[in-house]
Amino acid sequence: MLAAADLRSGDRVLEVGSGGYNAALIAELVGATGTVVSIDIDPDVTANARAALDRAGYPHVQVVQADAAHGHPDAGLFDVILVTVESSDVPPAWRHQLAPAGRLIVPLRMRGNTRCLTLRHDGDHLTATAAVQCGFVAMQGEGADPVTRIRLYGDDIVLTLDDPTTRADPERLAAALDGPRVEAWTQITATVDEHGVFESIHLWLASQPRPYGVLTVDRHKVGDLLDPDNKFTCPTLLGPDSFAHLTLRQPRRGVYEFGDHGFGPAADRLVAELTDLILTWDRDYRHGPGPAITVHPTGTPVPATDRPQLLVPRRHTTIAITWPAPIHDSKDPQ
Ligand SMILES: C[S@@+](CC[C@H](N)C(=O)[O-])C[C@H]1O[C@@H](n2cnc3c(N)ncnc32)[C@H](O)[C@@H]1O
């Protein structure tokens, strides 16, 4: 995050979420002419951070106890706002207090997928110039926006919903696990050293304008019942009484093949749909530049497009994830 912030000597930096250590690193990077303000909602955290910074020789770092959803009122513009807590939205104060060439570094949650975005002003909206998979504790206070967690098998299989348009019936989905499993394999493979490949397919599947959630699975407890591709955030297509999720198998050491597992009366249809999405991603998007992520204040238009796009409606903004032209379109037909 510090590298993404591209900190320069003399920068004014607002850190959201305190601890002391990161604020001290920022203070080193911006030097004696820079300004560092660290805000935390929790008075115990700010007290500890203040004491630690004083002890370590950083009395000039300001520590403020407040809800950072309101920015740091009356403090003017910041070159960098570095958010060290997961947010589902960009409150207006962060945009208003970001200098014209400023960088807003924020772990933004989009349909259960958190990406650390580097956002910059771009006309009436913000555009991400980098997006890195990450995980953080959730925002508290006015910006708190908890996800919906549906327990499908005690606490050992939990479905997370993070969009107001997706509803799910916990009992019918849990009952799907009692039936047989439908399985399909795609022959599409990836290796662990292919940079960003799993991040890319996860965001692609999350970007589909259809009911979607992510599964979190305690593999030790559930045995063979469910085999997610990723035990923390496994992409899952949903129906009213059925679901299909991404899975992996290892045909050879270090090589993973994408597949899908479906449960419930509509498992065949959902598995076919998921397979199609994996094939499309592999053919058209996997080797492309990845999606544009833009954040539009509520009330400003999101430009229409014929590209695959997901709009995530939040309280203060609409987050748009827009995929580029399919790479097979741009290839010379010869
Ligand atoms: C991961 S910690 C921050 C780590 C810190 N930057 C460091 O250097 O160790 C996240 C912090 O965000 C704080 N937080 C959560 N919601 C907040 C809010 N609305 N405003 C300010 N701080 C908040 C929590 O109290 C918690 O201390």
Side-chain angles (χ1 to χ4, degrees), residues 1 4 14-18 39-42 66-72 81-98 103-120 122 125-150 158-168 199 202-216 230 232-236 238 291-300 302 309-322:
M1 293 173 91
L14 178 66
E15 182 195 39
V16 173
S18 309
I39 297 194
D40 203 288
I41 198 168
D42 183 334
D67 186 339
H70 307 290
H72 185 31
I81 300 178
L82 200 152
V83 182
T84 63
V85 58
E86 176 194 276
S87 183
S88 68
D89 200 355
V90 175
W94 296 355
R95 195 167 50 85
H96 293 148
Q97 286 199 272
L98 191 65
R103 288 81 68 202
L104 168 59
I105 315 296
V106 56
L108 197 64
R109 199 184 73 220
M110 301 161 284
R111 272 197 153 181
N113 291 264
T114 306
R115 297 287 183 272
C116 182
L117 302 183
T118 304
L119 291 168
R120 294 168 197 261
D122 188 4
H125 61 276
L126 299 164
T127 293
T129 50
V132 179
Q133 189 166 34
C134 71
F136 263 94
V137 295
M139 187 92 165
Q140 304 165 37
E142 213 176 284
D145 179 18
V147 292
T148 303
R149 289 188 201 281
I150 296 181
V158 176
L159 177 69
T160 296
L161 304 181
D162 177 29
D163 101 66
T165 59
T166 298
R167 302 262 173 277
E199 292 177 49
H202 280 208
L203 206 52
W204 165 251
L205 295 173
S207 317
Q208 305 307 314
R210 58 163 338 287
Y212 175 88
V214 295
L215 285 169
T216 307
N230 173 312
F232 299 112
T233 55
C234 174
T236 306
L238 299 173
I293 303 179
T294 48
V295 179
H296 303 260
T298 304
T300 58
V302 181
Q309 182 183 64
L310 180 78
L311 300 182
V312 183
R314 299 300 196 194
R315 183 167 158 220
H316 299 295
T317 64
T318 300
I319 306 164
I321 305 172
T322 310

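Since this is a predicted model, take the numbers as computed values, not measurements.
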Backbone of E199 reached by a side-chain donor or acceptor of H202 within 3.5 Å: no
Interatomic distance, I319 atom CD1 to L117 atom CG [nearest 0.5 angstrom]: 8.0 Å
Non-neighbouring partners of D42 that pass side chain to side chain donor-acceptor pair (under 3.5 Å), sequence neighbours left out: none
Reference residue R109; test side-chain contact (heavy atoms from CB on, under 4.5 Å); the match among V312, D89, T114: T114
With Q208 via side-chain contact (heavy atoms from CB on, under 4.5 Å) - residues at least two apart: W204, R210, L277
Residue pair R95 / T317, side-chain heavy-atom distance below 4.5 Å: no
Closest heavy-atom pair and its distance - A168, I150: CB-CD1, 3.6 Å
Ion pair check, R315 and D145, cut-off under 4.0 Å: no
Nearest non-hydrogen partners of T84 and G17, listed with the distance: OG1-O, 3.1 Å
For I39, all residues meeting side-chain contact (heavy atoms from CB on, under 4.5 Å), sequence neighbours excluded: L14, V37, V64, A66, A68, H72
CD1-CD distance between I41 and E142, expressed to the nearest 0.5 angstrom: 9.0 Å
Where M110 and I293 come nearest, the two heavy atoms and their spacing: SD-CG2, 4.1 Å
Nearest non-hydrogen partners of T118 and A4, listed with the distance: OG1-CB, 3.4 Å
Heavy-atom side-chain contact between Q133 and R115 under 4.5 Å: yes
Straight-line distance of T129 OG1 to R120 CZ, nearest 0.5 Å: 4.0 Å
Point-to-point distance, once rounded to the nearest 0.5 Å, from CG of L238 to CZ of R167: 13.0 Å
Any residue meeting side-chain contact (heavy atoms from CB on, under 4.5 Å) with F232, in chain and number order, not counting sequence neighbours: N230
Residue list, salt bridge (charged side-chain N to carboxylate O under 4.0 Å, His left out) with R111, at least two apart or on another chain: D163
Minimum heavy-atom distance between S207 and I321, given as atom pair plus value: OG-CG2, 3.7 Å
Any donor-acceptor N/O pair, T294 side chain to A292 backbone, under 3.5 Å: no
Nearest heavy-atom neighbours spanning C134 and C116: SG-N, 3.6 Å
Distance in Å, R103 CZ paired with L119 CG, rounded so as to fall on 0.5 Å steps: 12.5 Å
With sequence neighbours excluded, residues passing side-chain contact (heavy atoms from CB on, under 4.5 Å) with T318: V302, L311
Y212 side, atom OH; L159 side, atom CG - distance, nearest 0.5 Å: 10.0 Å
Pairwise side-chain contact, V83 with W94, heavy-atom cut-off 4.5 Å (strictly under): yes
